[in-house]
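A short worksheet on the structure shown next.
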Amino acid sequence: MNKNLKPALIVLGGLAILAIAGVVSYSLASDPLPPKAAEGGILVACVGDSITFGSGVKDKEQDAYPAQLRALLGEEYQVLNCGVSGRTALSSGDRPYVNTRRYRHSMQAAPDIVLIMLGTNDSKPYNWNAIAYEADLARLAEGYMALPNEPEVYLLQPPACFENKFEINPAIVRDEVCPLVRSVAAQTGARVIDIHSATAARPELFPDGVHPDEAGCGVIAQEIYKALTSTQIH
């Protein structure tokens with residue numbers, strides 16, 4: 001081999017490795033690996049977008065709403081954070097939740113309880129379709145209900161939005177998404193947890209107008225905890 005080619009090949013090889021690493025890094029950021037489930041205990045799968053994932057908090061492992069819910073429920077429960085940022089219930093949306101690793105994992109884990117909170121990203125103008133949203137959310141809920149272990153499925157009306165950021169439309173979330181969540185629950189037999197009403201008067205909990213901070217995640221966790229304990233699931 002020409003000695004002069006060696007440095008060039010080394011550089012090209014290094015660039016190729018960096019490019020592959022960049023692709024892997026992007027993939028993990030946009031669709032992170034699923035959390036691990038241990039054996040035993042009541043398994044809760046938290047299905048959702050960046051609000052579930054914990055994009056508004058510094059320490060997701062401690063302060064995202066699934067982590068805070070786990071602390072409230074106690075040792076008998078496992079709570080899996082299956083949230084993926086930017087995802088939609090709409091299969092026609094720009095980033096459907098059903099295309100993610102965490103969706104597949106949440107199905108395979110055979111959860112006892114499923115909490116579905118999707119709709120915020122669906123409200124974006126290039127995503128929103130009320131008829132399709134209702135059908136896709138029902139399909140998602142029914143998919144979990146059809147699992148052999150017949151989990152209890154909850155549909156969460158998403159938190160209030162206080163600014164039209166990230167192209168999310170607060171009015172659509174409030175006036176269309178939330179009523180449709182309740183409609184789908186009635187159709188499917190799922191239970192409803194109203195996170196929107198619990199956060200509608202609390203803009204201080206949403207620093208960027210969309211994502212809750214640690215205290216906001218705590219409010220979400222408390223509302224879910226109240227709903228779960230009121231139905232006496234043990």
Side-chain angles (χ1 to χ4, degrees), residues 32 35 42-74 77-89 97 102-103 106 111-123 137 140-141 144 151-163 165-166 168 170 172-174 177-182 184-185 190-231 233:
I42 299 169
L43 184 60
V44 181
C46 300
V47 170
D49 52 30
S50 58
I51 295 171
T52 298
F53 182 62
S55 293
V57 300
K58 293 179 180 177
D59 187 346
K60 299 174 184 62
E61 298 301 320
Q62 294 294 321
D63 295 320
Y65 102 67
Q68 295 199 46
L69 178 63
R70 164 67 181 79
L72 291 169
L73 289 170
Y77 288 79
Q78 289 186 69
V79 181
L80 297 183
N81 186 337
C82 297
V84 186
S85 295
R87 299 295 166 160
T88 65
Y97 183 78
R102 290 194 170 201
Y103 166 67
S106 69
D112 301 291
I113 301 169
V114 182
L115 307 172
I116 302 173
M117 188 164 68
L118 288 163
T120 303
N121 293 303
D122 297 84
S123 76
L137 185 62
L140 185 64
Y144 286 105
E152 188 75 40
V153 175
Y154 290 77
L155 296 177
L156 281 58
Q157 292 172 302
C161 304
F162 299 95
E163 293 183 52
K165 281 193 174 180
F166 315 105
I168 289 162
I172 287 179
V173 172
R174 180 186 65 241
V177 169
C178 286
L180 286 171
V181 169
R182 191 166 291 278
V184 170
R191 299 177 185 271
V192 178
I193 303 177
D194 187 358
I195 303 300
H196 196 277
S197 294
T199 55
R202 305 293 303 275
E204 75 279 4
L205 301 179
F206 297 80
D208 65 4
V210 173
H211 298 98
D213 60 12
E214 290 84 347
C217 290
V219 169
I220 295 171
Q222 285 283 353
E223 286 299 309
I224 297 170
Y225 175 72
K226 287 190 293 184
L228 296 185
T229 53
S230 71
T231 55
I233 296 177

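Worth knowing before you read on, the calculation uses all heavy atoms, side chains too, and leaves out hydrogens, waters and symmetry mates.
Side-chain contact between V79 and L73 is present, with heavy atoms from C-beta onward closer than 4.5 Å. For the pair Y97 and V47, the minimum side-chain heavy-atom distance is below 4.5 Å. Side-chain atoms of C82 and Y103, non-hydrogen and from C-beta on, never get closer than 4.5 Å to each other. Side-chain contact between L80 and V44 is absent, with no heavy-atom pair separated by less than 4.5 Å.
Looking at every heavy atom in both residues, T52 comes nearest to C46 through CG2-O, 3.7 Å. Scanning both residues, T120 and S123, for their nearest heavy atoms gives O-OG, 2.7 Å.
Partners of R174 under the salt bridge (Lys or Arg N to Asp or Glu O under 4.0 Å) rule, at least two apart in sequence or in another chain, do not exist in this structure. With sequence neighbours excluded, the residues that form a side-chain contact (heavy atoms from CB on, under 4.5 Å) with S55 are S50, F53, S85, H211. For Y144, the side-chain hydrogen bond (donor to acceptor under 3.5 Å, both in side chains) partners two or more places apart in sequence, or in a different chain, are S106. Every residue two or more places apart in sequence or in another chain was checked for a side-chain hydrogen bond (donor to acceptor under 3.5 Å, both in side chains) with T199, and none qualifies. The side-chain hydrogen bond (donor to acceptor under 3.5 Å, both in side chains) test applied to K165 returns no partner, not counting sequence neighbours. For A67, there are no side-chain contact (heavy atoms from CB on, under 4.5 Å) partners two or more places apart in sequence or in a different chain.
Atom CD of Q62 sits in a sparse spot, with 12 or fewer heavy atoms from other residues, nucleotides or ligands closer than 6.0 Å.
Annotation: salt bridge (charged side-chain N to carboxylate O under 4.0 Å, His left out) contacts involving residues 42-58, sequence neighbours excluded, are absent. For residues 201-222, the salt bridge (charged side-chain N to carboxylate O under 4.0 Å, His left out) pairs, not counting sequence neighbours, are R202-E204.
Among L180, T88, L155, D122, the one residue that satisfies the side-chain contact (heavy atoms from CB on, under 4.5 Å) test with L137 is L155.
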